[in-house]
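Heads up, the thing below is written out as structure tokens.
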Amino acid sequence: MVIVGPSGCGKSTLLDLLAGLTKPNSGQILLDGKAITGPNLDRGIVFQQYALFPWKTTLANVEFGLEAKGIGRKERREIAQQYIALVGLAGFENRYPHELSGGMKQRVAIARSLAYDPEVLLMDEPFAALDAQTRETLQSELLRIWEATKKTIIFITHGIEEAVYLGQRVAVMTSRPGRIKQVIDIPFESRRNEEDLRANPDFVKLRHEIWDLLKDEVSRAQEQEKTKTLSSFPSGNSSLKEVANDG
């Protein structure tokens with residue numbers, strides 16, 4: 001599932017709720033019939049920033065969750081090496097984060113989240129800070145990893161094209177207060193077997209369909225932000241407000 005929506009609509013807040021990092025004001029969130037009350041190893045999280053331990057090697061970073069589960073040293077090393085290979089970093093086990101590129105750091109973060117075998121992998125715009133070429137490479141890598149593991153993944157993004165490329169379903173959120181406006185099923189069986197999926201007419205059609213759902217919400221979010229900015233000016237400072245309104 002990929003979730004897309006305008007800035008400030010609550011996408012990351014939703015992911016924090018699913019992760020147990022934030023508690024809902026009302027209602028509850030269930031995973032396999034059990035209420036989520038806080039962080040747990042049944043959910044893995046990959047953030048936009050790499051969030052690696054700078055003093056630990058690639059291998060030690062990936063082993064971290066396994067150690068928290070009480071898995072013995074020999075077994076957790078074998079499991080960590082398996083997932084390091086899965087994300088294409090075999091040979092980099094003893095490198096520290098400062099010795100890795102941005103894309104490689106994010107691969108380590110994905111391997112670390114997968115290694116302790118969570119039921120759900122939560123990803124909060126994990127490729128947003130990367131250059132375009134690295135981003136597309138990691139999108140394809142993520143699909144390869146998903147096909148190998150079949151993990152449930154909830155992926156947050158601003159990018160409509162990324163949403164269509166990665167998602168089996170795309171949930172479009174409204175502007176504040178964020179709600180699910182519509183869920184679009186994505187029919188492509190295997191993205192990686194298609195030579196240039198982004199040029200496929202059905203891909204283009206789905207991208208336009210999602211943008212049609214999203215564009216009014218983006219405009220509404222921009223108006224909300226504009227109103228918020230204007231309200232922060234002192235009431236007597238009319239000239240600033242007039243300039244902002246003219247813009």
Do the non-hydrogen side-chain atoms of [X] and [Y] ever get within less than 4.5 Å of each other?
X: K151; Y: D117; result: yes
X: D32; Y: D42; result: no
X: R207; Y: I210; result: no
X: W146; Y: I153; result: yes
X: L121; Y: T152; result: no
X: L122; Y: V46; result: no
X: W211; Y: V218; result: yes
X: K11; Y: V4; result: no

Would you name the heavy atoms of [X] and [Y] that are closest together and state the gap between them?
X: Q182; Y: L213; value: OE1-CD2, 3.4 Å
X: L66; Y: A115; value: CD2-O, 3.3 Å
X: V2; Y: G167; value: CG2-CA, 3.5 Å

**Message:** Around atom NZ of K23, are there more than 12 heavy atoms from other residues, nucleotides or ligands closer than 6.0 Å?
**Reply:** no
**Prompt:** NZ of K150: more than 12 outside heavy atoms within 6.0 angstrom?
**Reply:** yes
In terms of hydrophobic clusters joined by side-chain contacts under 4.5 Å, are [X] and [Y] together?
X: V172; Y: M1; answer: no
X: M173; Y: L17; answer: yes
X: V87; Y: F127; answer: yes
X: F53; Y: M104; answer: no

**Item:** Carboxylate-amine/guanidinium proximity below 4.0 Å for E119 and R43
**Value:** no
**Request:** Salt-bridge test for R220 and E217: reply yes if a basic N is under 4.0 Å from a carboxylate O, no otherwise.
**Result:** yes
**Prompt:** How far does CG of L166 sit from CD of E161, to the nearest 0.5 angstrom?
**Reply:** 10.5 Å
**Item:** Between CD on residue Q106 and CG on residue L138, distance to nearest 0.5 Å
**Value:** 7.5 Å
**Asked** Parallel, tilted or perpendicular for Y96 and H98, by the 30°/60° rule?
**Response** parallel
**Message:** Angle between ring planes, F188 versus F203, binned at 30° and 60°: parallel, tilted or perpendicular?
**Reply:** parallel
**Complete:** residues 91-113 vs salt bridge (charged side-chain N to carboxylate O under 4.0 Å, His left out), sequence neighbours excluded, gives R107-E141
**Prompt:** Taking the six-membered ring for Trp, are the ring centroids of Y83 and Y116 within less than 6.0 Å of each other?
**Reply:** no
**Asked** Does a side chain donor of either S12 or D124 reach within less than 3.5 Å of an acceptor in the other side chain?
**Response** yes
**Asked** Judged by modelled atom types alone, do D16 and T13 share a side-chain donor-acceptor pair under 3.5 Å?
**Response** no
**Message:** Treating R76 as the side-chain partner and E67 as the backbone partner, does any N or O pair qualify as donor plus acceptor under 3.5 Å?
**Reply:** no
